[in-house]
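Chain letters run A, B, ... following the sequence lines, proteins first and then strands; every chain starts at 1.
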There are 2 protein chains.
Amino acid sequence: MQSYTEENYLKTIYHLAERTTNVQTNAIAEQMQTKPASVTDMIKKLADKGLVDYIKYQGVTLTEIGKNTAIDIVRKHRLWEVFLVDKLNFKWDEVHDVAEELEHIKSVELIERLDEFLGFPKADPHGDPIPDKNGRFAKTQFIKLIELKVGDSGTITGVSQHSSAFLKHLEKLGLTLGKQIQISDVTDFDGSVEIKLSDKQVNISREVAKHILISSNGKN
Amino acid sequence: MQSYTEENYLKTIYHLAERTTNVQTNAIAEQMQTKPASVTDMIKKLADKGLVDYIKYQGVTLTEIGKNTAIDIVRKHRLWEVFLVDKLNFKWDEVHDVAEELEHIKSVELIERLDEFLGFPKADPHGDPIPDKNGRFAKTQFIKLIELKVGDSGTITGVSQHSSAFLKHLEKLGLTLGKQIQISDVTDFDGSVEIKLSDKQVNISREVAKHILISSNGKN
DNA sequence: AAAAATTTTTAGATTTACCTAAAAATTTAA
DNA sequence: TTAAATTTTTAGGTAAATCTAAAAATTTTT
Ligand SMILES: [Mn+2]
Ligand SMILES: [Mn+2]
Ligand SMILES: [Mn+2]
Ligand SMILES: [Mn+2]
């Protein structure tokens, strides 16, 4: 059984490992809003418990058990987000913080029944995949909107930034999950992207375009 | 903002104060499964925070703020229990432990929306009243089944014991909330009570009869 | 291949919620 | 109204998760 804190470390390491092979102390500290010294302390503890492999100065990797534990927390986080949006009518930019708390409730039965109640959803309100009870989920193949060329089209299926500010901005522009889009222009001056939606045309900055994930319909 | 532990102390003090005027250190310790010395430590802390009034050796009482905080936790506990039973199909004997965790999730918005989602229930699965968002609830006037006389009738509206063993036992006997009952006999030998239900007759021990709460239809 | 910069670890404290053992206060019984 | 029993508090410590400051290792630059 892991503490609330240990669970958060495991989850953070898991997410960082999705981007970099070897997860560094400083990166964990930044993500956890704590100090590198504290991270070193915790890493040692997790290593003692067999949840991470650790060699001094070499960063950490999750063990099989550590990884499964992390995936289970991610599963809970995302299922609760679906609950909040689908059943309690929260907006997609309002759910993350509450889910951060709910993900630590320890009851296998609770999560299985919640999963069933929600109709075994495959993705959370941000398009992130929800692992099943065995920890399995399809590795989704997204393309960043910024990488599309003029004329390319596709469907918005995810976001790689979960801040409320960013999500509210997308909402206002009408760029929500499931929307069909086509790149109509890329501005030379600032790299901003002109996007054609079914009913209107919107312009987004490069920064925004980087964090919108598209499942492509292929090049035009 | 209170810690998880502080919240549990406040709730325990609140529940003990429902039965006794002045809440004693040892009683809190027993309820919290901890030691009296630890209770003294925590009481001092709660007193410093203005959540309890405390005079050495004289027991504790909740302040207005302390009481409101406690009631809010009770509200959350009971709403989550309703959710678990009504929406996730848990049995009434399976919900308490999970609710003990869920009651500490801190989000006013979450609880208001949950309350609405559940249809603003007035009582939890054990018949206990659910405070509204202002902390108000009707003080229910129950009679213990053991206090009824032969011929008296009424409706089962609560239980004063929440252990899984007890609740499962009632379930098996068909003595669930809302059931109409009438006392048909009280055995001289062991004080056990013979109860007439709409479709059958059951016998329960004095011990069981003590913990069933009846809203009486008046004497026969 | 040094020197400089960066990253990571160690050492030593702090805070929170506990604990045990012993002392002090209060309550109950003789 | 003493003595005995019970309750409560104090004193002194432990374990978990943090922190700051300083030392050590690694990486990057010259
Ligand atoms: Mn989230
Ligand atoms: Mn999400
Ligand atoms: Mn309960
Ligand atoms: Mn209940």
Side-chain angles (χ1 to χ4, degrees), chain A residues 1-17 19-62 66 69-70 73 100-101 103-104 106, chain B residues 1-17 19-62 66 69-70 73 100-101 103-104 106:
Chain A
M1 186 104 301
Q2 288 78 233
S3 73
Y4 185 106
T5 309
E6 286 165 8
E7 289 190 348
N8 280 334
Y9 271 94
L10 291 175
K11 192 180 55 155
T12 294
I13 295 166
Y14 175 77
H15 284 313
L16 288 171
R19 310 212 126 263
T20 55
T21 17
N22 137 308
V23 177
Q24 301 194 124
T25 305
N26 273 1
I28 299 170
E30 192 191 10
Q31 194 67 32
M32 297 281 299
Q33 310 236 64
T34 186
K35 298 288 140 71
S38 306
V39 174
T40 302
D41 288 347
M42 181 56 83
I43 286 171
K44 283 181 186 165
K45 191 175 153 195
L46 294 174
D48 284 348
K49 289 192 170 192
L51 297 163
V52 299
D53 290 320
Y54 169 59
I55 305 164
K56 268 189 199 177
Y57 293 98
Q58 304 291 123
V60 269
T61 39
L62 293 170
T69 306
I73 300 159
E100 284 294 307
E101 290 189 59
E103 72 189 4
H104 300 289
K106 286 175 188 26
Chain B
M1 186 105 301
Q2 289 77 231
S3 71
Y4 184 106
T5 310
E6 286 164 9
E7 289 190 349
N8 280 334
Y9 271 94
L10 291 175
K11 192 180 55 155
T12 294
I13 294 166
Y14 175 78
H15 284 313
L16 288 171
R19 310 213 126 262
T20 55
T21 16
N22 135 308
V23 178
Q24 303 194 120
T25 305
N26 273 0
I28 299 170
E30 193 190 11
Q31 195 68 31
M32 297 281 298
Q33 311 237 63
T34 186
K35 298 290 139 75
S38 306
V39 173
T40 301
D41 287 347
M42 181 56 83
I43 286 171
K44 283 181 186 165
K45 190 175 155 196
L46 294 174
D48 284 347
K49 290 193 171 191
L51 297 164
V52 300
D53 290 319
Y54 168 60
I55 305 164
K56 268 190 198 176
Y57 293 100
Q58 304 291 122
V60 270
T61 39
L62 293 171
T69 306
I73 300 161
E100 284 294 306
E101 289 189 60
E103 72 189 6
H104 300 289
K106 285 172 189 29

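Listed candidates were D/dA25, C/dA11, D/dA11. Nearest to the side chain of B/Ala37 is D/dA11. Residue A/Ser38 has its side chain nearest to D/dT18 when only D/dT10, D/dT18, C/dT10 are considered. For A/Asp41, whose side chain is taken as the heavy atoms from C-beta onward, the closest listed nucleotide among C/dT8, D/dC19, C/dC18 is D/dC19.
Spacing between atom CD1 of B/Ile55 and atom P of D/dT9 amounts to 11 Å, rounded to whole angstrom units. For the pair B/Tyr57 OH and C/dT27 P, the computed distance is 11 Å after rounding to whole Å. Spacing between atom CD of B/Gln58 and atom P of C/dT26 amounts to 7 Å, rounded to whole angstrom units.
Regarding contacts with the backbone of C/dT9, a side-chain N or O of A/Tyr54 is found under 4.0 angstrom from either OP1 or OP2. A sub-4.0 Å separation between OP1 or OP2 of C/dT16 and a side-chain N or O of B/Tyr9 is absent. Residue A/Lys44 places at least one side-chain N or O closer than 4.0 Å to OP1 or OP2 of C/dT10. OP1 or OP2 of D/dT10 lies within a sub-4.0 Å distance of a side-chain N or O belonging to B/Lys56. For the pair A/Thr40 and C/dT8, the criterion of a side-chain N or O lying under 4.0 Å from OP1 or OP2 is not met.
Within a 6.0 Å sphere centred on NZ of A/Lys56, other residues, nucleotides and ligands contribute 12 heavy atoms or fewer. The number of heavy atoms from other shown groups lying within 6.0 Å of CD (A/Glu30) does not exceed 12.
Taking both residues in full, the closest heavy atoms of A/Val60 and A/Ile28 are given as CG2-CD1, 3.8 Å, listed atom of the first, atom of the second, then distance. Across all their heavy atoms, B/Gln2 and B/Glu7 have their closest contact at CB-CG, 3.9 Å. Smallest separation of non-hydrogen atoms from A/Val52 and A/Ile43: CG2-O, 3.8 Å.
At least one donor-acceptor pair closer than 3.5 Å links the side chain of A/Asn22 to the backbone N or O of A/Gln58.
Summary of the strand contacts: B/Gly59 and A/Met42 both lie near DNA chain D, and taking for each the nucleotide with the nearest heavy atom, the more 5' one is attributed to B/Gly59.
Residues from residues 21-35 of chain B with heavy atoms under 4.0 angstrom of DNA chain C, sorted by number: B/Thr34, B/Lys35.
When side chains are defined from C-beta on, B/Val23 does not count as touching B/Tyr14, because their heavy atoms never get closer than 4.5 Å.
To the nearest 0.5 angstrom, B/Gln31 atom CD is 12.0 Å from B/Tyr9 atom OH. To the nearest 0.5 Å, atoms CG (A/Leu51) and CD1 (A/Ile13) are separated by 9.0 Å.
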| Dot-bracket for DNA chain D, 5' to 3', with Watson-Crick and G-U pairs under 3.5 Å, [ ] for crossing pairs and | for other-strand pairs: what is it? | ||||||||||||||||||||||||||||||
